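Both ligands and their constituent atoms are indexed starting at 1 by order of listing. Keep in mind it's a predicted model, so treat the numbers as computed, not measured.
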Amino acid sequence: MEVIIRPTTKEAVNLTARLIAAAIRRKPFFKLGLATGATMEAVYADLAAMNRAKEVDFSRVVTFNLDEYIGLPPEDPNSYRYYMNRNLFSKINIDLGNTNLPDGMAKDEIAEGQRYEKAIRDAGGIDLQLLGIGNDGHIGFNEPISSLGSRTRSKALTPATYAQNSVYFNPPDSMPKRAFTMGVGTILEAARVVMLITGKKKAGIAAKAIEGPITAMVTGSALQLHPSTVVVLDEAAASELKQTEYYNWVFANEPEWKPYR
Ligand code: GLP
């Protein structure tokens, strides 16, 4: 795992977008894993700006989102399909037919999980998975005690997640209590993972995921098992990390980070 701390949220977001754009430039037939949440909106705005400036081309990119609420159709403004169309897909030159999310309206939940896993496999696997982290440490919707070997499936959401996300729903209790999510095992198979964590509120959970023990209680900590993960944080989110001096030294000195300094 590598940890990069940028002074401001804007710089952390921009570095994340540049890492994604650079990876796509290296391999145009790219399989990109995407995340939702407030944190990602700025990343998608940066990617859309780079696309407009012809710095990155999405015409041959295939995307797989992490998760979707169960019971929300694509046209529901709170569905993740709607979020993705609004924040990214409608603003870049991607073929909508190449964008994948679990189907929140699928009748057979087990079959839907299997279908999604097969779609990822058939595409040749994910080249880069973008991740945020929930207040309870989840990645995707892999809530505490999710198996670290789990695959795409339906999952009941925790009260902490409900409190975090129901503010977007009107009324708040119309938020679904369950979601489809890629499993921790699915995420760990991505060739590369880029996680973005911003804001003071996430400082405690960021420290647990990055420097704490690997535990199903904080599924973000499973990334410690992944061979190629970069976690990008702003200073506020990094404020409870213990090894910041080391992380900053690596970023300042390792040649691979030169273009990003
Ligand atoms: C949701 C998503 C996660 C995301 C999290 C963080 O729960 N399922 O993938 O990481 O939100 O959201 P925010 O960026 O709004 O804090």
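Here the heavy atom of the protein found nearest to atom 8 (N) of ligand 1 is Asp67 OD2, 2.7 Å. Nearest non-hydrogen protein atom to atom 12 (O) of ligand 1 is Gln164 NE2, 3.6 Å. Residue, atom and distance of the protein heavy atom nearest to atom 16 (O) of ligand 1 are Lys202 NZ, 2.6 Å. The protein heavy atom nearest to atom 7 (O) of ligand 1 is His138 NE2, 2.9 Å. Of the protein's non-hydrogen atoms, Thr36 O, 3.8 Å is the one closest to atom 4 (C) of ligand 1. The closest protein non-hydrogen atom to atom 6 (C) of ligand 1 is Ile133 O, 3.5 Å.
The ligand atoms of ligand 1 that sit less than 4.0 angstrom from a heavy atom of Tyr80 are 1 (C), 2 (C), 8 (N). Atoms of ligand 1 lying under 4.0 Å from any heavy atom of Asn165, numbered from 1 in the order shown and given with element: 1 (C), 7 (O). Close contacts between ligand 1 and Gly132 involve ligand atoms 10 (O) [criterion: under 4.0 Å to a heavy atom]. Numbered from 1 in the order shown, with element, the atoms of ligand 1 that lie under 4.0 Å from a heavy atom of Gly140 read 2 (C), 3 (C), 8 (N), 9 (O). Distances below 4.0 Å separate heavy atoms of Thr39 from the following atoms of ligand 1: 13 (P), 14 (O), 16 (O).
Closest of all the heavy-atom pairs between Val56 and Asn51 is O-ND2, 2.7 Å. Here the closest non-hydrogen pair linking Val43 and Thr39 is CG2-O, 4.1 Å. Contact between Arg153 and Met182 at its shortest, heavy atoms only, is NH1-O, 4.0 Å.
Annotation: side-chain contact (heavy atoms from CB on, under 4.5 Å) contacts of Ala123 (sequence neighbours excluded): Lys31, Phe64.
Phe251 and Ile20 fall within a single hydrophobic cluster, where Ile, Leu, Val, Met, Phe, Trp and Tyr are joined by side-chain heavy atoms under 4.5 Å apart, directly or via other members. The cluster map of Ile, Leu, Val, Met, Phe, Trp and Tyr, joined by side-chain heavy atoms under 4.5 Å apart, puts Tyr162 and Phe180 in different clusters.
An N or O contact shorter than 3.5 Å links Ala38 to ligand 1 by distance. No N or O atom of Thr161 sits closer than 3.5 Å to an N or O atom of ligand 1.
With His138 as the fixed residue, the side-chain hydrogen bond (donor to acceptor under 3.5 Å, both in side chains) test singles out one of Asp67, Thr161, Thr219, Thr158: Thr161.
Between Lys242 and Glu211 there is no salt bridge, since none of the side-chain N atoms of the basic residue sits less than 4.0 Å from a carboxylate O of the acidic one.
For the pair Met40 and ligand 1, no heavy-atom separation below 4.0 Å is found.
In this structure a side-chain-to-backbone donor-acceptor pair under 3.5 Å is missing from Asp127 to Arg192.
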